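What follows is one structure encoded as structure tokens, with my remarks underneath.
For clarity, every value in this text was computed on a predicted model and none was experimentally measured. Chain letters run A, B, ... following the sequence lines, proteins first, then strands; residues in each count from 1.
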Amino acid sequence: MATEKSKREPEEKGKESAREAALDFIREVINKDLETNKYGGRVATRFPPEPNGYLHIGHAKSICLNFGIAREYNGICHLRMDDTNPCKEETEYVEAIHNDVRWLGFDWGKHEYYASDYFQQIYEWAVKLIKAGKAYVCDLSADEVHDHRGTLTTPGKDSPYRNRSVAENLDLFERMRAGEFSDGSRTLRAKIDMASPNLNLRDPVMYRILKTPHHRTGDKWCIYPTYDWVHGQSDSIERITHSICTLEFENHRPLYDWFVENLGIHHPQQIEFARLNITYTMLSKRKLLHLVKGNFVRGWDDPRMPTIAGLRRRGYTPAAMRNFCKDIGLTKTESVIDVTRLENSLRDDLNKTAMRVMGVLHPLRLIIDNYPDNQTEELDAVNNPEDAGMGTRKVPFSKELYIEEEDFREDPPKQFFRLSPGREVRLRYAYYVTCSKVEKDASGKITTVHCTYDPATKGGDSPDHRKVKATLHWVSAKHAVDTEVRLYDHLFTKPDPEDAEEGKDWTSNINPKSLEILTGKLEPSVTKAKPGDRFQFERLGYFCLDADTTPQKFVFNRSVTLRDSWAKIEKGQKE
RNA sequence: UACCCGGUGGUGUAAUCGGUAACACUACAGGUUUUGGUCCUGUCAUUCGAGGUUCGAGUCCUCGCCGGGUAGCCA
């Protein structure tokens with residue numbers, strides 16, 4: 001094993017350094033800023049979620065980026081809750097965010113912040129802009145503001161309230177804060193340019209009246225700053241150097257720049273990257289919320305969900321997710337990642353780390369006619385052929401076994417190497433067996449396969465070195481542990497879930513067969529497992545013990561199948 | 001129809017000051033194998049188009065074409 005490792009290491013190191021050599025465009029900007037000493041050698045990033053839902057794999061990309069950069073540059077990464085809309089935010093989500101970021105392997109230390117902690121400062125800066133004649137109270141309704149904004153191709157019109165005196169603005173704004181006006185009746189707006197080709201600069205709203213209690217500030221405020229007004233200033237307050245965000249905020253950057261410049265405060269550099277898209281996967285927080293609220297799934301942590309909580313329950317490891325985020329790269333090009341990339345990252349990780357075990361999903365009885373009736377043998381099985389350090393275990397063997405239905409064909413097609421009448425195969429770690437006959441029920445369905453075994457092949461090797469073309473997994477019938485197994489398929493039937501037929505919406509693409517539940521048989525060693533433990537069921541896939549498990553009933557989630565080249569061949573034969 | 005951003009193989013990313021288009025995944029073909037897994041080997045693009053600058057262009061210039069974003073008091 002030691003020699004194998006030393007053989008592999010140079011390769012892996014080579015790959016690492018090659019990866020490091022090719023810096024992504026964001027790290028290039030940071031390097032440049034370090035060279036020019038733009039921020040005095042500091043690197044400070046932040047991950048700024050709104051606590052209005054669970055984090056998903058797209059957020060994982062951002063988390064890995066922001067915390068990763070901080071780690072690499074010996075900098076710092078803040079966790080900041082962007083909680084500026086009291087109507088949508090809940091403490092439950094804050095806790096879920098903590099959980100998920102930590103689970104992914106990142107630590108914000110003491111640097112946890114809330115935009116709501118800055119409300120007073122933000123308010124004072126608003127007053128400052130009013131005094132400078134750069135913000136005004138506007139009495140237009142939401143609809144009227146919309147009408148005045150103009151369109152993508154035509155300029156907007158100034159609000160009739162745009163030229164109020166500073167004194168009047170100050171008075172009105174103070175009374176907005178005091179709760180004198182009803183929700184939506186007035187706003188504070190930045191005075192920029194109603195004719196700007198960038199609509200974000202057409203006197204954007206900075207404050208709205210919202211008499212709704214906030215999850216942290218309670219009823220202290222009845223006016224709340226908009227995201228556009230608060231976000232950049234929050235970054236500035238925290239002295240963030242590089243504000244990394246997704247592409248849709250590119251058009252907002254001029255506005256954020258306008259705010260910090262007119263306030264004369266620290267100016268972070270915003271850098272935008274393309275958000276993650278994955279085939280057969282929905283990555284819109286709003287729509288994921290709809291899936292949960294509409295009971296299309298069993299909750300935020302349903303193993304079919306692309307949420308971090310869902311993937312965790314499915315059996316994903318933090319390392320697999322981090323590797324995935326690293327592998328997909330970072331650009332400004334909008335792209336769609338094939339979901340098999342995500343699955344492959346899990347296979348890669350679990351192949352090296354998961355304990356092997358034998359389990360049968362679709363049991364077919366197999367009787368070894370020439371095996372002693374009441375005999376049980378304890379056979380040695382390797383726990384992980386990739387890691388000898390994981391040792392071996394004993395697996396009980398007896399006359400009656402279960403094998404996988406798929407592993408027997410009475411009339412084998414071309415290239416089918418598994419068991420069929422007259423054919424000899426290996427039962428993993430046990431014996432060579434040859435099929436002598438089958439039993440069928442009235443409908444013609446095969447109920448039992450009879451075999452004879454060769455006692456000389458104990459352990460799975462034949463002294464005469466004769467070859468068998470297949471090795472089957474099996475479970476001893478009288479030692480088998482029943483388990484519920486949940487098999488998952490993509491939550492959506494189309495690569496692009498948004499691609500709905502005329503007159504239908506994205507929910508019409510939800511896969512009605514995304515969950516299949518069955519009862520399987522497992523070797524008894526799994527009874528020691530704890531929820532969250534991951535296994536490879538040999539020749540089938542990776543499975544994770546679910547939290548629904550009770551002392552009476554095991555529940556396994558299939559995290560991902562193994563690659564299956566026979567399935568591919570068979571599919572090709574049918575076409 | 002305005003503004004902003006993007007366009008390299010089936011997919012995702014690379015390619016210092018312009019200098020032989022590289023890596024990974026997939027697919028396909030082999031090899032190893034007590035998992036049809038893993039692992040190993042091989043094969044698969046002249047960079048959206050047209051001009052231009054240059055000894056030399058994926059990189060620079062011009063004009064097109066295509067895709068995405070933007071008209072919340074959401075973030």
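- Distance from the side chain of A:I569 is smallest to B:G36 among B:G36, B:A15, B:G72.
- Taking atom C1' on both nucleotides, B:G12 is separated from B:U70 by 27 Å, rounded to a whole Å.
- Residue contacts shown for A:T331 are limited to sugar-phosphate atoms, with no base heavy atom under 4.0 Å away.
- To the nearest angstrom, P of B:G37 lies 13 Å from CD of A:E538.
- As judged by a 4.0 angstrom heavy-atom cut-off over every strand, A:L188 is placed among residues making no nucleic acid contact.
- Nucleotide B:U13 has B:A22 as its partner under the Watson-Crick or G-U criteria, with both atom distances under 3.5 Å.
- Proximity of A:R286 to the phosphate of B:C74: no side-chain N or O atom is located under 4.0 Å from OP1 or OP2.
- The same atom, P, is picked in B:U38 and in B:A27; the two are 10 Å apart, to the nearest Å.
- Note on A:V336: only backbone sugar-phosphate atoms sit closer than 4.0 angstrom, heavy atoms only; bases stay farther off.
- Between A:L276 and A:I337 there is a side-chain heavy-atom pair separated by less than 4.5 Å.
- When the P atom of B:U26 is taken as reference, atom CD of A:E343 falls 12 Å away, rounded to whole Å.
- A:D228 comes within 4.0 angstrom of nothing in the nucleic acid, heavy atoms only.
- When the P atom is used for both B:G18 and B:C39, the distance is 40 Å, rounded to whole Å.
- Among the atoms of the strands shown, base atoms are found under 4.0 Å from some heavy atom of A:T187.
- For B:U53, there is no paired nucleotide, since no Watson-Crick or G-U wobble pair has both relevant distances below 3.5 Å.
- The CG atom of A:D338 sits 13 Å away from the C1' atom of B:A24 (whole-angstrom rounding).
- Nucleic acid contact class of A:E272 (heavy atoms, under 4.0 Å, all strands): none.
- Using a cut-off of 4.0 Å between Lys/Arg side-chain N and Asp/Glu carboxylate O, A:R418 and A:D407 are scored as salt-bridged.
- Judged purely by atom type and a 3.5 angstrom limit, A:R202 uses its side chain to pair as donor or acceptor with the backbone of A:S196.
- As rounded to the nearest Å, B:G10 and B:U46 have P atoms that lie 10 Å from one another.
- Listed nucleotides: B:G36, B:A2, B:C25. Nearest to the side chain of A:R563: B:C25.
- A:R341 has no carboxylate O lying under 4.0 Å from a charged side-chain N of A:D327, or vice versa, which leaves the two without a salt bridge.
- A donor-acceptor contact under 3.5 angstrom links the side-chain atoms of A:R418 to the base of B:G36.
- Between A:R149 and B:C73, a side-chain N or O to OP1/OP2 separation shorter than 4.0 Å is present.
- Put simply, the side chain of A:R356 and the base of B:U35 share a donor and an acceptor less than 3.5 Å apart.
- Here A:L330 lies in heavy-atom contact (under 4.0 Å) with sugar-phosphate atoms only.
- Comparing the P positions of B:U59 and B:U53 gives a spacing of 15 Å, expressed to the nearest Å.
- Proximity of the aromatic rings of A:F249 and A:H231 is defined here by a centroid distance below 6.0 angstrom, and this criterion is not met.
- If you check B:U38, B:C74, B:U13 against the side chain of A:N85, the one that comes closest is B:C74.
- Two rings, from A:F417 and A:W566, have their centers 6.0 Å or more apart.
- Across all strands shown, B:G6 pairs with B:C66; the Watson-Crick or G-U wobble distances both stay below 3.5 Å.
- OP1 and OP2 of B:U13 both lie 4.0 Å or more from every side-chain N or O belonging to A:R341.
- For the C1' atoms, the distance from B:C44 to B:G30 is 16 Å, rounded to whole Å.
- Nucleic acid contact for A:T84: sugar-phosphate only, since backbone atoms but no base atoms lie under 4.0 Å from a heavy atom of the residue.
- Both A:L199 and A:R426 sit near RNA chain B, but only A:R426 has its closest nucleotide nearer the 5' end.
- The CD1 atom of A:I337 sits 9 Å away from the C1' atom of B:U13 (whole-angstrom rounding).
- A salt bridge does not link A:D349 to A:R534: none of the charged side-chain nitrogens sits closer than 4.0 Å to a carboxylate oxygen.
- Using a cutoff of 4.0 Å between basic side-chain nitrogens and carboxylate oxygens, A:R539 and A:E406 are not scored as salt-bridged.
- Residue A:Y207 is out of contact with every strand shown, counting any heavy-atom pair closer than 4.0 Å.
- The pair A:R80-A:E238 counts as a salt bridge, with a side-chain nitrogen and a carboxylate oxygen less than 4.0 angstrom apart.
- The same atom, C1', is picked in B:A2 and in B:A71; the two are 11 Å apart, to the nearest Å.
- Atom-to-atom, CG of A:L201 to P of B:G69 comes out at 21 Å; the value is rounded to the nearest Å.
- Counting non-hydrogen atoms under 4.0 angstrom, A:S565 reaches the backbone sugars and phosphates but no base.
- Aromatic ring centres of A:F324 and A:Y316: separated by at least 6.0 Å.
- In this structure, B:G69 is classed as anti because its glycosidic torsion departs from zero by more than 90°.
- In this structure, B:U59 makes no Watson-Crick or G-U wobble pair, since no nucleotide meets both defining distances under 3.5 angstrom.
- For B:U1, there is no paired base (Watson-Crick or G-U wobble, both distances below 3.5 Å).
- Atoms NE2 (A:H252) and P (B:C74) sit 13 Å apart, rounded to a whole Å.
- Within the nucleic acid shown, A:P254 has no heavy atom closer than 4.0 Å to any nucleic acid atom.
- When each of B:G36, B:A71, B:C74 is scored by its nearest atom to the side-chain atoms of A:K88, the top-ranked nucleotide is B:C74.
- A salt bridge is defined here as a Lys NZ or Arg NE, NH1 or NH2 lying under 4.0 Å from an Asp or Glu carboxylate O, and A:K394 with A:D380 meets this definition.
- Listed candidates were B:G69, B:A15, B:A2. Nearest to the side chain of A:T153 is B:A2.
- Rounded to a whole Å, the CZ atom of A:F324 is 12 Å from the C1' atom of B:U11.
- No engagement by A:Y542 is indicated, since no non-hydrogen atom pair under 4.0 Å with the nucleic acid exists.
- B:G36 is unpaired under the criterion used here, namely a Watson-Crick or G-U wobble arrangement in which both key atom distances are under 3.5 Å.
- We find that CG of A:D496 is positioned 15 Å from P of B:G67, with the value rounded to whole Å.
- Nucleic acid contact class of A:N351 (heavy atoms, under 4.0 Å, all strands): base.
- Taking atom C1' in both B:U13 and B:U26, the straight-line distance is 14 Å, to the nearest Å.
- Residue-level contact check: A:K568 touches the backbone only, with heavy atoms under 4.0 Å from sugar-phosphate atoms and none from bases.
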Quick tally for nucleotides 3-10 of chain B: nucleotides whose base has a protein heavy atom under 4.0 Å get B, sugar-phosphate-only ones S, the rest -, giving SSSSS---

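- Not one N or O on the side chain of A:T246 forms a donor-acceptor pair closer than 3.5 Å with the backbone of A:E248.
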